[in-house]
Every structure is written in structure tokens, then in C-alpha cells.
Amino acid sequence: MQNLLHNLNPEQLAAVTLPAQPALILAGAGSGKTRVLTTRIAWLIQTGQVSPAGILAVTFTNKAAKEMMTRLSAMMPINTRGMWIGTFHGLCNRLLRAHYRDAALPQTFQILDSQDQLSMIKRLLKANNIDDEKYPPRNLMYFINGAKDQGLRASAVEAFDDYNRKMVELYEIYDQQCQREGVVDFAELLLRTYELLSRNQPLREHYQSRFRHILVDEFQDTNDLQYNWLKLMAGTQGAVFAVGDDDQSIYAFRGANVGNMSAFEREFKVENLIKLEQNYRSHGHILDTANTLIANNSKRLGKNLHTDAGHGELVRIYEATSDLQEAQWIIEEAKSLIAEGAARSDIAVLYRSNAQSRVIEHALFSSGIPYRVYGGQRFFERAEVKHAIAYLQLMDNPHNDSAFLRVVNFPTRGIGARSLEQLQDAAKQYGISLYAAVPYVTGKAGTSLGAFIKLIEAARFETQNLPLPEMVQVVIDASGLITHYQNEKEGADRIENLEQVVSAATLFVSEEGFGHDAPALLGPTSQQMAGPAIVTQDGVEILDADAPLPVVMSPLSAFLSHASLEAGDNQAQAGQDALQLMTVHSAKGLEFDAVFITGLEEGLFPHENSQKEEGGVEEERRLMYVAITRAKRRLYISFSQTRMLHGQMRFNLKSRFFEEMPEDSLKWLSPKVQQHHWTAHPKAAWEDALGAGTNQIAQNIVKKDIGWRIGESVAHAKFGEGVIVNIEGSGGNARAHINFGRHGMKLLDLSVAKLEKVSG
DNA sequence: TGACGTTCCGGACAG
DNA sequence: CGGAACGTCA
């Protein structure tokens, strides 16, 4: 115990040892929130207040769940059996597997990822002769997911016009189709679990009395459905320990509702609100910069980070002439950091949008510095891997039409569009899956389709007694995928990825420990346990609280869940010492010795779309706050006068955020020398700024001899300072597009508008 | 059926 | 500009 609690600061200690009541922990960036969460769990167990089976800990990412598990087992030698630690989706999957009958799902229900969901919606629109121009599949998908994230079924969605009524109708059709196929999308995992528990009182009470302690990580990221899910799980007795930071709420666009924090405080009558404001990550100037910036937001719960680490270095600000030059400057600075002994992996380059990475990557590549880009496609999302998985899905649940369509003719086996049309007609007519409709298709199409069915059936039969990895191997071989890729020019990588699916299955089996003691519960599991896990009580099937592994699931089903819920990482080059490139969003939760935040320009950061959104700029500011607080010792912030975007040169003003940061903590590396240079030799400066290959615009500039130039800074009585982005027309008819930053883009008649030139 | 051309579009994210 | 998605042709 001594050991467990030592080195905690007073606030951390207070949080860890709170009584079993609802608690809200406002945990600032770098304040040791994961430590508090894990120590809390360990303390509850070690003091005998709760058995491991009484713990439910929820996270958003598999990574966070795994991290919690790792730290927990390092902290104490207790067995973690019975403890439920996982993502919302992983935990819901477990519950639905265990109670599939009550949830009205087939035992082998499968999970649609967003790709599958979208393709299913496209199929559905086509089958119902819906104009996909009028009802774009993507919009319908957002509509459906948005409704589900608010806990609304189609029947509960209010529609006030024909358009929305149609959307609701399509939502209903979509849900019916999912049910027919035995598939659920991500949002459905949560909604279905929510409905299951709210309708089934014995089951609900069973879990409510089992999970006396519910711990939630990143609480500010919860959406309405997740919040209600937690309320349901907690009941009146559950002690919910919610940890979050309203200042780091950056996922409103995907349904997160920061309001859940104050709602929680109110509805759970939280008496224990603890702020963790001691920061163990960043030096003073960095922290001051973050604090001063975020103070510009309203509606904060209120929090101010402080550190004992001293002021440290000033935050370095750099103004580049072009995005290219910005990249070159980053490389020069990074090189000298490395020369001073910094590890490359301790240096991060952050950007607001992915499009910015290309220029930086290009420059890094030319300079030979190893780098690693986060984001992008992950292992289980690769086409060839999805193909292999689709074969396995069909063996486990043949009614999954997405899986069927993905591989019925891949590799090609003479099943063309005509055959599939016939098949789809038959399936629609009888209201059955494509697989089940095959016998109704006659003629040549029927023969080739029949052969495909035989392939799947044979694979199932031949592999029924094989261990999972061997099963996967056999299926990949039988599918013909390898042969297909052998004939393809660049198929070698794909074949290697197919081999990796087998490795993934091997790893999965060893981690899940078939036939051995299970590790703690992370996501789906297929453990075959000793003794029954599901017991019947008053006619209701419930989980035996002591059973370590409640879910009876075939190894294949479990592996398929795993593939859907954990897309795997995309780190081909992981492990080597490389510069880290990523968006600000994906940097959340990480920390680096040195951080570059790039592209601090109006329109980019804050992003132009955020201006129109309710609370959009505040979210951008929180995003900037997240970015700043990633840095431990050194922080660079840069912006550029010009930037290539969508194949066009853009002229941006520097971000408003500069005015919101404390002058005393900043050090401007680029005094306004370049501005003078500009006005003195505009043309030469432009060509320099534009770089090679963009002389088109440079020529335009020369052409327009009307007293104003593209790129010139101007001032307007009403709109303030702006930059001329483009000029159209000539002479007395000339009009200019001027970017006035927060006042937006204006089109002004140059002969009418009263503009003044601004220098530097 | 696949190779190639054309058009369209452009924010961030995990499960 | 660069990619995804769709259309056309051999």
C-alpha cells in the first residue's frame, strides 16, 4: 500500500482514495491521469473494497486500454481475471456475444467497419432506386450514425420535411437489412447493448450490482449514447469515477459532447470534484503559453496548469515565406537538435490537416532524415487483408452480404455484373441474403455462383477441426488470393500482408491463451473456460460474476471481432529512430521533447470551416492547446506567408492565436526583415516565395498593373487587415478577393473600396 | 475485365 | 496538386 500511494501529489492521492461515490477528476494535460486511474483500481482492490470482478474501466482506444492493463499489472501482482477493461465497443461486443439471444442477434453476428457500412448503404440505395445524388451515401451514413449516437432508432427520429422523412425511412431499411445479414455497425454495438440493458431488468440489475466501480477515461470525449450507457450501467449504486479534461475536447465533430462533464456533475450529484493541475511534462514558458491561450475560451470548467520545472526555454516562433521554406527550416532546426543529441523519435512535427504533410515529407526525404507518418491505412483495412477476412467471415456467417460481394468475384471467377444482378433480385424477392439466394439463380450464372458456394462450404468443412492459424492459412490458399497477387506487378507486398494475417491469427491465439488462464479482458475473447459462465436465473440468462471468461465464442468469431475492433497499426517502420509526423488530433495523449506546430495561419489553424460552426473556433483553440501541451522542453510554432493548397497558391494571415499567447514567453526567430524585402523588390521576392514551377501566378502578378498586387497586405476600415488573394478583371473593373481572416473572404471592387497599403 | 482517361473535390478521428 | 471514384474502350 505504502508502495502504491507513494509519490502521488496531494490531489492525486485524494482522487485515488476517494470513497465509493461519483467523482469527477479534471485532469489537465500531463497531470498523471493514467496513473491516477490505474492506482485507483489497484487501491480499491488491495484495500479489499472490491474484487477484480467488480471493476469496469472504459476507454476510447485499444491503446489506452492496453496501457492501463500493462501499468496495472506492473503495479500489483493480483490476477486481473474478471476485471473488465476495454473500449466502449469492445465491452459492448462482449456483452452482446454473451446475451446474443436477448439482444436478438445471431451468435455469429459480425461487425461492419465504416467501409463496409458505406458500401452497404450504397447497395441499399441502388436496390431501392434512390437517386444517390439527392441522397449521397456518405450523408446517409452520417445521418444514421448521428442518430444512433444519440440513442435514436428510426422510429424515434423526428423529421419535419420530406427529405428527412426519406432519410429516416432509409435508416429503417438499413437497420432491417443489417438484421437480415446478422451484422452490426460500430454505433449499433453501443445502441444494441443500451437497449438490451434498459429493457431487460434482471440483466441490468445483475451488471449494476456486479460493477460497483466504473472508471471512465477521456470523459470529455463521450457522446450522448455513451453517457447514457454509463448511467444505465451505474444505476443508483455504481461509483462512477470520470476522468477528463474539457480543455482537450477536440472531437465534437464526431459526436462528443463536452456538456456531459457538467451533466455528470449535476445528474450524479458529484461531491467529489478534484482538479489535477500540477503538470509533470512541460517547462514553464510552454505551459504559460498554453494557459494564456486557452483562457480565451468561455464556458470552461476552469483549471490552470502549473509546473515545478522552471521556465525553461522560450517558445520559438518562425515566419516562413512559403510552405516549402517552412519545411526546410524545420529540417534545419531538427538537424541541430539531433546534433545536440536529441533522439529523432523525441521530435514531433504537428500539422492541422494531413495535406500539409506532403511538403514536409518531401523535404525530409530529400534530406535523408528518417521519419514516420502517423495515420493512414491500417493493417486490417488494407484491401488484400479485407479480402482474406471476407472469406473467413463468409465461413462464419454466410449471410454477410458485404463480405459476399467483396470476394464473390475476387479473384475473378466469371461472376460478372449480370449474374450478381440476378442474384440480388432473387435475394430481394425472397428477403434473404445473397448467399442463401444462390440456389434461386439458374443457368450459367447459377453454376458459377454455385461453385463459389462450394468453395466456401468446402473451406469450412476442411478446416473445422484445425487451430485458427492453420485455418486461416488454408482459407487464404484456397481463396486463390495468393495466385492472383503473384500475377500482379506489385503484388509482393500484398502477399506478404496475407502471410501477416496468419501471423496475426497466431498472435491472437497466444494472447487470448486458448485453453489456458485468460489474461484480463480486452476486447473480444474466445476463451474456452472451465465451468459454465452463463447461468440461468429466474429464466434469464446472466453472466456468472465469478466466471473469468463469460463468452463462448468460436476462435474464428473471436478473431473476426478482433479484426473489426482493432484495425491494427500502420507502423511498417515502427521501432526505428525516426522523426514523428502527425496531425494535432493524433498527437493527443502523446509527448515529445521537442515539438513543431506548423501552419499557424488563418483559414488553416483555425480552420476556415470552424468559423461557421457553433463553437468552432473554441474547439480549434482547444486543439492548439492540445498541440502546445505535447511539448516537454522545446516548442516551435511556425506559419507561412504563402502556401500551396488544392493546386493554388494561398496567402494567409498569421493565426489569431498568436495574439492570444503571452508575448513574454515567445521568441520571434524571424524579425520582420522579409516584409521589407517584399515591398522593396516585390517581383523578386515573389519568385523566391513561389519557388519553382509556380510561375503562372507570378506572371499574373506582373500583368496586373492596377496599383495592387496579389499577396499584398491591405487594411480596410471595417474588416481590418487582410491579404489580397486574387485579382480578377483589369483597370477600372478590377476586383480583388481579400482574405480578412476572421472577417472572412471578401470580393471588393478596387475602384470603390477604400483600401490602404500595409507594410510589415 | 482490366487498363486507362476524366471528373470531382478538398478537416480532424477510433472503434 | 493529388487521390478517389466513376466512365469508356479494347
Side-chain angles (χ1 to χ4, degrees), chain A residues 58-65 86-93 111-119 122 132-133 136-138 145 148-149 184-190 218 221-223 225-226 249-256 323 350-359 362 374-378 380-381 409-418 484 487-489 522-524 561-570 582-589 599 603-613 616 619-620 622-624 626-627 643-650 693-694 696:
Chain A
V58 196
T59 65
F60 278 85
T61 64
N62 291 303
K63 198 175 152 206
T87 62
F88 277 102
H89 295 87
L91 295 166
C92 285
N93 182 48
I111 301 163
L112 290 183
D113 66 17
S114 13
Q115 279 179 48
D116 297 334
Q117 189 186 18
L118 187 63
S119 70
K122 283 180 183 165
D132 62 2
E133 300 261 297
R138 219 165 266 281
N145 291 342
K148 289 190 181 186
D149 283 346
V184 299
D185 58 53
F186 287 129
E188 182 73 21
L189 283 170
L190 275 110
E218 306 278 15
D221 289 341
T222 52
N223 63 32
L225 179 55
Q226 286 158 341
S249 161
I250 55 173
Y251 286 118
F253 70 90
R254 65 175 199 212
D323 47 356
L350 311 185
Y351 34 82
R352 174 65 180 81
S353 76
N354 282 307
Q356 289 168 253
S357 78
R358 275 193 51 255
V359 181
H362 192 83
Y374 279 68
Q377 207 174 36
R378 284 137 64 209
F380 283 110
E381 287 168 354
N409 197 36
F410 194 94
T412 53
R413 39 179 79 90
I415 300 170
R418 306 161 310 282
H484 175 266
N487 299 328
E488 207 173 63
K489 287 183 290 271
L522 281 165
S561 285
H562 168 77
S564 305
L565 291 173
E566 191 160 4
D569 43 54
N570 57 328
M582 67 194 82
T583 63
V584 179
H585 279 93
S586 45
K588 189 174 157 209
L604 195 63
F605 202 174
H607 194 275
E608 54 194 347
N609 295 357
S610 71
Q611 312 247 17
K612 307 171 203 110
E613 291 160 13
E619 176 137 327
E620 295 287 306
R622 291 193 292 270
L623 197 50
M624 184 60 187
V626 168
R643 185 174 297 278
M644 258 337 234
L645 194 66
H646 306 331
Q648 259 202 322
M649 188 69 76
R650 296 255 304 223
T694 52
Q696 199 183 342

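Proteins come first, then strands; the chains are lettered A, B, ... in the order of their sequence lines, and each starts at number 1. Every heavy atom of this structure was used, including side-chain atoms; hydrogens, water molecules and symmetry mates were not. Every value quoted in this text rests on a predicted model; they were computed, and no experiment measured them.
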Nearest atoms (heavy-atom pairs only) where Ser249(A) meets Glu619(A): O-OE1, 3.7 Å
Distance between P atoms of dA4(C) and dC13(B) (Å, rounded): 15 Å
N or O in side chain of Arg358(A) less than 4.0 angstrom from dG3(C) OP1/OP2: no
Aro-ring/base stack His607(A)-dG11(B), d under 5.5 Å, angle under 30°: yes
Aromatic ring of Phe253(A) stacked on base six-ring of dA12(B), 5.5 Å, 30°: yes
N/O donor-acceptor pair, side chain Gln356(A) with base dG11(B), under 3.5 angstrom: no
Under-4.0 Å side-chain N/O to phosphate OP1/OP2 contact, Asn354(A) with dC13(B): yes
side-chain N/O Ser586(A) vs dA12(B) OP1/OP2, d < 4.0 Å: no
His585(A) and Tyr251(A) aromatic ring geometry - parallel, tilted or perpendicular at 30°/60° bounds: tilted
Nearest listed nucleotide, side chain of Thr61(A), among dC13(B), dG2(B), dG15(B): dG15(B)
5'-most by nearest nucleotide on DNA chain B - Asn409(A) or Phe88(A): Asn409(A)
Shortest side-chain distance from Ser353(A), nucleotide among dT1(B), dG11(B), dG15(B): dG11(B)
